[in-house]
Colleague: 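If you scroll down you'll find the structure; I have some questions about it.
Per chain, numbering begins at 1; letters A, B, ... match sequence-line order.
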2 protein chains.
Amino acid sequence: MITLNIIGSGNVAQHLISVFQQTENVVLQQIFARKREAVSHLVADAEIVTNFNDLKPANVTIISVTDGAIAEVSNALPYENQLVVHTSGSMGFETLSNKNRKGVFYPLQTFSKAKAVNFKEIPICLETEKEEDFALLERLAQSISDKVFKIGAAQRQSLHVAAVFSCNFVNHLYQLGHEICEEHNVPFDILFPLIDETADKIKTLSPKEAQTGPAIRHDQKTIEKHLAFLDDENKKAIYRLLTQSIQKNNG
Amino acid sequence: MITLNIIGSGNVAQHLISVFQQTENVVLQQIFARKREAVSHLVADAEIVTNFNDLKPANVTIISVTDGAIAEVSNALPYENQLVVHTSGSMGFETLSNKNRKGVFYPLQTFSKAKAVNFKEIPICLETEKEEDFALLERLAQSISDKVFKIGAAQRQSLHVAAVFSCNFVNHLYQLGHEICEEHNVPFDILFPLIDETADKIKTLSPKEAQTGPAIRHDQKTIEKHLAFLDDENKKAIYRLLTQSIQKNNG
């Protein structure tokens with residue numbers, strides 16, 4: 001049995017709380033949240049604490065808070081020499097306090113509170129300061145996911161940046177598409193099969209091979225028509241920059 | 001029975017040739033291609049012609065060529081008063097020659113030759129100049145797709161622009177993510193669950209609600225770390241512009 005404390009109540013913390021409660025061989029012992037209401041609806045057996053001093057040692061403590069708060073929170077833990085990990089893609093384990101053993105538990109997924117996820121499919125990228133701690137963290141990760149990777153700091157950073165491009169920025173382009181549809185009274189969901197096929201295609205073709213559209217065809221007439229159609233300077237600037245980038249990278 | 005001619009041999013034309021050959025109640029009569037080899041591997045019973053004058057009248061002629069060639073090709077057809085449609089998202093039916101009845105047959109999908117698609121799921125956006133031609137074109141479209149829409153020129157244009165953002169530009173962001181992974185020896189396919197979830201999430205949340213990442217959290221430290229990590233000016237410029245756009249649109 002692995003005893004586990006989870007610190008935090010944001011999107012990632014909430015999903016971790018939900019999944020670890022239902023996981024065999026893991027005892028979700030305590031949850032720290034500044035506001036009890038933020039997590040109380042999620043919690044069955046674990047104890048919720050709002051004061052760091054009420055936390056008791058656990059085999060693993062997952063700190064899932066904003067990057068800027070990790071150092072402070074890890075310092076506030078009232079115990080020593082336990083394994084303490086954070087869930088950030090862009091911070092090293094060095095940011096954690098020296099009083100505990102350190103590591104990283106980075107689930108590579110986009111978490112929204114209102115949307116359930118299947119953890120089995122979520123890649124979890126692990127790193128520990130001490131080699132001998134890796135097996136414990138790996139056992140914890142494998143209890144919820146089939147896709148557990150040992151990934152060092154530099155590679156985790158590159159995955160995080162790649163994820164910003166392939167997920168966060170992609171979602172924003174969906175948002176711009178959604179706005180264009182709404183402004184012209186076209187239901188956005190007509191685009192769903194296209195959005196799905198675009199995500200699916202890169203499983204069998206490289207994104208470079210999969211590229212289609214006016215930019216890669218150097219179809220200047222259509223590009224100009226689209227720019228004239230867009231009345232918003234921000235959308236025009238994004239259209240121009242991404243068109244140039246497609247043409248530069250696929251020339 | 002509807003008789004059909006298809007003019008063209010590009011990505012869209014090839015997929016249309018493949019599907020209409022297997023469609024009940026449609027006779028794929030002739031295919032025009034400048035180079036016979038471009039389509040001969042796809043064609044079972046239909047006749048391939050390389051000279052416009054060898055084309056015979058058909059109930060419907062689909063012209064699937066680059067936007068700039070539509071007018072010329074429609075002019076070169078050796079018959080009159082048939083229904084002739086193009087497959088462009090950004091051209092009106094007016095671009096077609098007056099000698100035939102006009103319309104648009106716009107399949108809203110990204111087509112690559114090397115990737116099969118399921119036409120049943122592909123939205124097809126139809127428009128005809130004459131109201132009385134609509135039923136014929138609708139019957140043709142419904143023979144291959146369950147998602148047939150009557151969409152006028154302005155709405156089709158907005159769908160096309162929205163599709164450039166939500167598909168062509170999205171694929172390019174996958175390409176940039178792919179490059180970042182390759183440069184740092186991380187397998188790109190670790191990102192597939194994230195990419196799928198990003199596409200899936202907007203079926204239940206609006207893209208605005210689904211937005212996550214450093215930009216929307218105004219996590220300036222991570223944003224600066226990512227910009228320092230990127231060594232390519234083009235990627236930096238895209239990172240900056242899309243971060244700004246997320247913050248402006250979700251402030």
Colleague: Measure the spacing between NZ of B:Lys208 and NE2 of A:His178 and express it to the nearest 0.5 Å.
Modeller: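 Taking NZ in B:Lys208 and NE2 in A:His178, the distance rounds to 10.5 Å.
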Colleague: Tell me if the CD atom of A:Glu94 is crowded by more than 12 foreign heavy atoms within 6.0 Å.
Modeller: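 Yes, because the 6.0 Å sphere around CD of A:Glu94 holds more than 12 heavy atoms from other groups.
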Colleague: Please flag which part of A:Asp189 lies under 4.5 Å from any non-hydrogen atom of chain B: side chain, backbone, both or neither.
Modeller: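 Contact with chain B involves no heavy atom of A:Asp189 at all.
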Colleague: Could you have a look at A:Ile202, A:Asn185, A:Asn11, A:Ile195 and say which one has the most heavy-atom pairs with chain B under 4.5 angstrom?
Modeller: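 Looking at each of A:Ile202, A:Asn185, A:Asn11, A:Ile195 in turn, A:Ile202 comes out on top.
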Colleague: Rounded to the nearest 0.5 Å, what's the gap from CG on B:Leu108 to CG on A:Leu191? Could you check?
Modeller: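 Between B:Leu108 CG and A:Leu191 CG, I get 5.5 Å after rounding to 0.5 Å.
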Colleague: Does any backbone or side-chain atom of A:Glu183 lie under 4.5 Å from a heavy atom of chain B? Answer side chain, backbone, both or neither.
Modeller: neither
Colleague: As a quick check of understanding, evaluate side-chain hydrogen bond (donor to acceptor under 3.5 Å, both in side chains) for B:Thr212 and A:Thr110, giving each step before the final call.
Modeller: CA-CA 7 Å; B:Thr212 59; A:Thr110 165; 3.0 Å; yes
Colleague: Which bit of B:Glu179 comes within less than 4.5 Å of chain A, counting heavy atoms only: side chain, backbone, both or neither?
Modeller: side chain
Colleague: How many angstroms lie between atom CG of A:Leu173 and atom OG1 of B:Thr198, to the nearest 0.5 angstrom?
Modeller: 11.5 Å
Colleague: Is A:Val164 in contact with chain B via its backbone, its side chain, both, or neither, using a 4.5 Å heavy-atom distance?
Modeller: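 Contact with chain B is through the side chain of A:Val164 alone.
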Colleague: Got a salt bridge between A:Lys203 and B:Asp196, using NZ or NE/NH1/NH2 to carboxylate O under 4.0 Å?
Modeller: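 Salt bridge present between A:Lys203 and B:Asp196.
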Colleague: side-chain contact (heavy atoms from CB on, under 4.5 Å) between B:Ile246 and A:Asn171: does it pass, once the steps are laid out?
Modeller: CA-CA 10 Å; B:Ile246 289 171; A:Asn171 183 74; over 6 Å; no
Colleague: With only heavy atoms counted, which part of A:Lys147 is less than 4.5 Å from chain B, the side chain, the backbone, both or neither?
Modeller: side chain
Colleague: Tell me, do A:Ser158 and B:Ile180 make a side-chain contact under 4.5 Å, heavy atoms counted?
Modeller: yes
Colleague: For A:His184 and B:Gln157, what are the C-alpha separation, side-chain angles and deciding distance, and is it a side-chain contact (heavy atoms from CB on, under 4.5 Å)?
Modeller: CA-CA 9 Å; A:His184 297 88; B:Gln157 175 79 328; over 6 Å; no
Colleague: Name the residue from B:Phe169, B:Tyr239, B:Phe165 that meets the ring pair (Phe, Tyr, Trp, His ring centres under 6.0 Å) definition with A:Phe169.
Modeller: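 The option that passes is B:Tyr239.
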Colleague: Quick check for you: among A:Glu209, A:Gln211, A:Glu121, which has the greatest number of heavy-atom pairs under 4.5 Å with chain B?
Modeller: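 Most heavy-atom pairs under 4.5 Å with chain B: A:Gln211.
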Colleague: In terms of heavy-atom pairs under 4.5 Å, which option from A:Ser90, A:Ala215, A:Ala237 contacts chain B the most?
Modeller: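 Looking at each option in turn, the highest pair count goes to A:Ser90.
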Colleague: Working to the nearest 0.5 Å, report the span between CZ of B:Arg217 and CG of A:Asn168.
Modeller: 8.0 Å
Colleague: Could you look at B:Leu205 and say if it's the side chain, the backbone, both or neither that has a heavy atom under 4.5 Å from chain A?
Modeller: side chain
Colleague: What do you reckon, is CD of A:Glu131 surrounded by more than 12 foreign heavy atoms closer than 6.0 Å?
Modeller: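 No, not enclosed.
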Colleague: Counting only heavy atoms closer than 4.5 Å, note whether B:Thr204 contacts chain A via side chain, backbone, both or neither.
Modeller: side chain
Colleague: Drop me the distance from A:Phe188's CZ to B:Ser166's OG, to the nearest 0.5 angstrom.
Modeller: 4.5 Å
Colleague: Check the pair B:His172, A:Asn249 against side-chain contact (heavy atoms from CB on, under 4.5 Å), reporting the backbone distance first and the verdict last.
Modeller: CA-CA 9 Å; B:His172 184 59; A:Asn249 282 275; 4.0 Å; yes
Colleague: Determine the option with the most heavy-atom pairs under 4.5 angstrom with chain B, choosing from A:Thr243, A:Thr222, A:Thr66, A:Ile190.
Modeller: A:Ile190
Colleague: For the side chain of B:Lys221 and the backbone of A:Gly68, is there at least one donor-acceptor N/O pair under 3.5 Å apart?
Modeller: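 Absent.
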Colleague: To the nearest 0.5 Å, how far apart are OG in A:Ser245 and CG in B:Leu241?
Modeller: 11.5 Å
Colleague: Counting heavy-atom pairs under 4.5 Å to chain B, which of A:Leu159, A:Ile216, A:Asp200 comes out on top?
Modeller: A:Leu159
Colleague: Quick check for you: among A:Ser206, A:Cys181, A:Ala154, A:Gly213, which has the greatest number of heavy-atom pairs under 4.5 Å with chain B?
Modeller: A:Gly213
